[in-house]
Protein chains: 2
Amino acid sequence: MLTDRQLLILQVIIDDFILTAQPVGSRSISKKDEITHSSATIRNEMADLEEMGFLEKTHSSSGRVPSEKGYRFYVDHLLSPLRLSNQELTTIRQAFKDRMMEFERVVQKSAGILSELTNYTSIILGPEIFETKLKQLQIVPLNDQSAIAILVTDTGHVEHRAFNIPVEIDHPQLEKMVNILNDRLRGVPLVKLYEKLQTEIYDLIEIHTDQHEHAYSYLQAALLDEHQTKLYIGGKTNILMQPEFKDLDKVRSLYAIIEKENEMADLLRSGEQGVHVRIGHENPFDAMQNCSLITARYTLGNEQAGTIALLGPTRMEYNRVISLINVLSKQMTETFRGWY
Amino acid sequence: MLTDRQLLILQVIIDDFILTAQPVGSRSISKKDEITHSSATIRNEMADLEEMGFLEKTHSSSGRVPSEKGYRFYVDHLLSPLRLSNQELTTIRQAFKDRMMEFERVVQKSAGILSELTNYTSIILGPEIFETKLKQLQIVPLNDQSAIAILVTDTGHVEHRAFNIPVEIDHPQLEKMVNILNDRLRGVPLVKLYEKLQTEIYDLIEIHTDQHEHAYSYLQAALLDEHQTKLYIGGKTNILMQPEFKDLDKVRSLYAIIEKENEMADLLRSGEQGVHVRIGHENPFDAMQNCSLITARYTLGNEQAGTIALLGPTRMEYNRVISLINVLSKQMTETFRGWY
DNA sequence: GTTAGCACTCGAATAAAGTGAGTGCTAAAT
DNA sequence: ATTTAGCACTCACTTTATTCGAGTGCTAAC
């Protein structure tokens, strides 16, 4: 459908625009080394490419700018798999070298690297923690009124919550209950915890504890938590550096979206395996019309998975960014594999 | 030194400028209800106030704008103690009504309220956690290679860290060690933990454990953490709504400062009891020249303390903000008092 | 099919003119 | 001795006009 020459020209134009953020004119293209034709020829081809919907003009006598269709084609067909620079590779390797042991730390660091290396905003969705399984429940009394319940999951995630101790429950009873709970709840996914508590555990407590009503309501308070999947964001202010966001209103509305954790999480969840690119209107939110979102999944050894994403203008360095996110998601998966 | 009329005029001018962000002219002042004099009189007084350094002009024929000295005087002498609106009070009360049990949650919420109610950026410095004392140490083995160490402090703060288990240590030895540690380290401030480990504990482990060298190095890994005092920030993007920050460079450099957690923490630490206002150059950072920082201390029952702060343009609603931060810091102190 | 040439378009930059909110100063009124 | 009306003046901001140049489309020649 497109001639080789058109492919070449389209590629060169988009490459140039990605670099400069300026509409690309026929003359500047004809001067490139890889182009042997005159500006007039380029103009003709550009007119054709525009007619086909790959390019746009900002006004009648301006240079050309890639359309969303253009970017889509570019991403699908024109990306030459780029080797990351040594500098980039060493940055990543360096960061993962000192054996980090905690999920949070790895993710935080990854988000940092990604945004630092790209100057875009990175967003990482943690694994769905409500699917992780309880490893151990611990209750630490602080004083005679309050205590802290600590949940440790099989992925090493730690959640804690403080609550009031009803006066009716004394220390030995507490220990007893914790033991019962640990016996019965170990290996149960967090999301099922509350349910189990209401069925099996209730009866058990009734048998073993004097003040079972009090004990029960207090356990409810301790265990009923939201277990919300967390979103890690890096380089939020990088958005300000992109020329397409010199309009503060756009920045504001974009920030508004990013801050809606639930919607953002849903958006990231939807991706399948591999790197995935959403360009402009392919994104569900109005405020992201001028943005592209690159996502990739990472896994945590078992079937658990999360998403790593990068948000930038549609004029994005797809080449580099895709390679980077690919490498990083694999590196994360690799790091986690050893743990579980 | 200043006549009553001058005081009144200065107050009206600053009030007006805080509201509108526009230079204030003599005519608009003379039209106010509380002003009975003509614009010419106001002009004369304004000239005097400028000569004394309380006001400035943006250019030779512009209206007046408060100088830093003006703001300082305003804050020190002209603030009429404002009653908070019912709406504000109920927002605060509402937020603190559902008995929150965790420090983090209270602080997070407070930061949220403060930034929402003021449209400025709120910054809350947590208590110096390295001064809090160890309540309990827990070690939860995840599998045969790794485990999680959990520290609970007397303030209910929970820290956790994952680490590798050396193969040489088996499960019973682990339990034994944890018991020893809990016996010896309970009540020790976090900051002293490492030191104690190196002295007393080392000997104990040597006596009770076969593989004491391994055990020791592994404990080091588990306990040597940074215990960094945390900074909670709310409404970071509110800065974008202030007209004085329509210049993106200013926003960027301000964000750069805010993100330097250590320097920011030091800045907040310095405040004494009560509400404290730093205007423009009274702040140590260049990027904060156009900003004011309002701080107040809150306490956690015992001698522990943290700082609650609000960052906005020098043209700040001092009146309302000071009342708010005052109420909120007291409310926080009040809430925490019950806990410890 | 390619390219040189040329008229044309339109945004961006620059200049010129006009507007208006504000000032300082003077002289008259209180 | 204050206060105020009046007036000339200042200067940012807005509007309008002008120029400039990078870019286009089209045509005709190669």
Side-chain angles (χ1 to χ4, degrees), chain A residues 1-10 12-17 19-67 70 243-244 246-247, chain B residues 2-10 12-17 19-67 70 243-244 246-247 315:
Chain A
M1 179 163 158
L2 286 181
T3 67
D4 281 356
R5 195 170 68 187
Q6 284 173 326
L7 290 177
L8 177 62
I9 291 173
L10 182 57
V12 171
I13 289 175
I14 299 186
D15 281 341
D16 191 84
F17 183 73
L19 211 67
T20 65
Q22 297 299 323
V24 185
S26 57
R27 221 173 99 80
S28 68
I29 293 300
S30 72
K31 276 192 288 198
K32 304 240 166 186
D33 289 346
E34 58 265 55
I35 303 288
T36 55
H37 297 273
S38 77
S39 64
T41 309
I42 306 296
R43 271 202 293 285
N44 292 331
E45 296 287 30
M46 278 168 129
D48 291 349
L49 285 168
E50 184 179 0
E51 203 172 1
M52 287 185 275
F54 295 111
L55 296 177
E56 285 170 354
K57 285 190 281 195
T58 62
H59 60 89
S60 71
S61 71
S62 77
R64 298 310 202 292
V65 155
S67 67
E244 23 274 285
K246 60 184 187 308
D247 176 6
Chain B
L2 286 181
T3 66
D4 282 357
R5 194 168 69 186
Q6 284 173 328
L7 290 177
L8 177 63
I9 290 173
L10 182 58
V12 171
I13 289 175
I14 298 187
D15 280 340
D16 191 83
F17 183 73
L19 210 68
T20 65
Q22 297 299 322
V24 185
S26 56
R27 221 174 97 80
S28 68
I29 293 298
S30 73
K31 276 193 289 198
K32 304 240 168 189
D33 289 346
E34 58 266 52
I35 303 288
T36 55
H37 296 272
S38 78
S39 64
T41 310
I42 306 297
R43 272 202 293 284
N44 291 332
E45 296 287 29
M46 278 168 129
D48 291 349
L49 284 167
E50 183 178 359
E51 204 173 359
M52 288 184 272
F54 296 111
L55 297 177
E56 284 171 354
K57 286 190 280 193
T58 61
H59 60 89
S60 73
S61 72
S62 77
R64 298 309 203 291
V65 155
S67 67
E244 23 273 284
K246 60 183 188 308
D247 177 6
R315 179 190 63 83

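Chain letters run A, B, ... following the sequence lines, proteins first and then strands; every chain starts at 1. No hydrogens, no waters, no symmetry mates; every other heavy atom, side chains included, goes into these values.
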Tabulated below should be each protein N or O lying under 3.5 Å from an N or O of nucleotides 6-12 of chain D; please produce it.
from	atom 1	to	atom 2	distance (Å)
D/dG6	O6	B/Arg43	NH2	3.2
D/dT10	O3'	B/Ser60	OG	2.9
D/dT10	O2	B/Ser61	OG	2.4
D/dC11	OP1	B/Ser60	OG	2.9
D/dC11	O5'	B/Ser60	OG	3.4
D/dC11	O4'	B/Ser61	OG	3.3

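Put simply, the side chain of B/Ser67 gets close to the backbone of B/Gly53: a donor and an acceptor are under 3.5 Å apart. In terms of modelled atom types and a separation under 3.5 Å, the side chain of B/Thr41 and the main chain of B/His37 share no donor-acceptor contact.
Two residues are said to be in side-chain contact when any heavy atoms from C-beta on lie closer than 4.5 Å; B/Leu55 and B/Leu10 meet this criterion. Residues A/Leu49 and A/Arg64 are not in side-chain contact: their nearest non-hydrogen atoms beyond the backbone lie 4.5 Å or more apart. Contact check for B/Asp4 versus B/Leu7: side-chain heavy atoms found under the 4.5 Å cut-off. Side-chain contact between B/Lys31 and B/Arg27 is present, with heavy atoms from C-beta onward closer than 4.5 Å.
Rounding to whole angstrom units, CD of residue B/Glu45 and C1' of D/dT4 are separated by 13 Å. Atom-to-atom, CZ of A/Arg64 to P of D/dA22 comes out at 17 Å; the value is rounded to the nearest Å. Atom-to-atom, CG of A/Asp16 to C1' of D/dG23 comes out at 14 Å; the value is rounded to the nearest Å. Put simply, CG on B/Asn44 is 17 Å from P on C/dG22, counting in whole angstrom units. A/Glu51 places its CD atom 11 Å from the P atom of D/dC26, with the value rounded to the nearest Å. In this structure, B/Ile13 places its CD1 atom 12 Å from P of C/dG22, rounding to the nearest Å. Residue B/Ile42 contributes atom CD1, which lies 14 Å from atom C1' of C/dG22 at whole-angstrom precision. Rounded to whole Å, the distance from CE on B/Met46 to P on C/dC25 is 15 Å.
Position along DNA chain D of the nearest nucleotide to B/Thr36 versus A/Pro23 favours B/Thr36 as the more 5'-ward residue.
Residue A/Ser62 has no polar side-chain atom (N or O) positioned under 4.0 Å from OP1 or OP2 of C/dT9. Not one side-chain nitrogen or oxygen of B/Arg27 sits closer than 4.0 Å to the OP1 or OP2 atom of C/dT23. Neither OP1 nor OP2 of C/dA21 sits under 4.0 Å from any side-chain N or O of B/Lys57.
Counting non-hydrogen atoms of other residues, nucleotides and ligands closer than 6.0 Å to CD of B/Glu34 gives a total above 12.
Nucleic acid contact for A/Thr41: base, since at least one base atom lies under 4.0 Å from a heavy atom of the residue.
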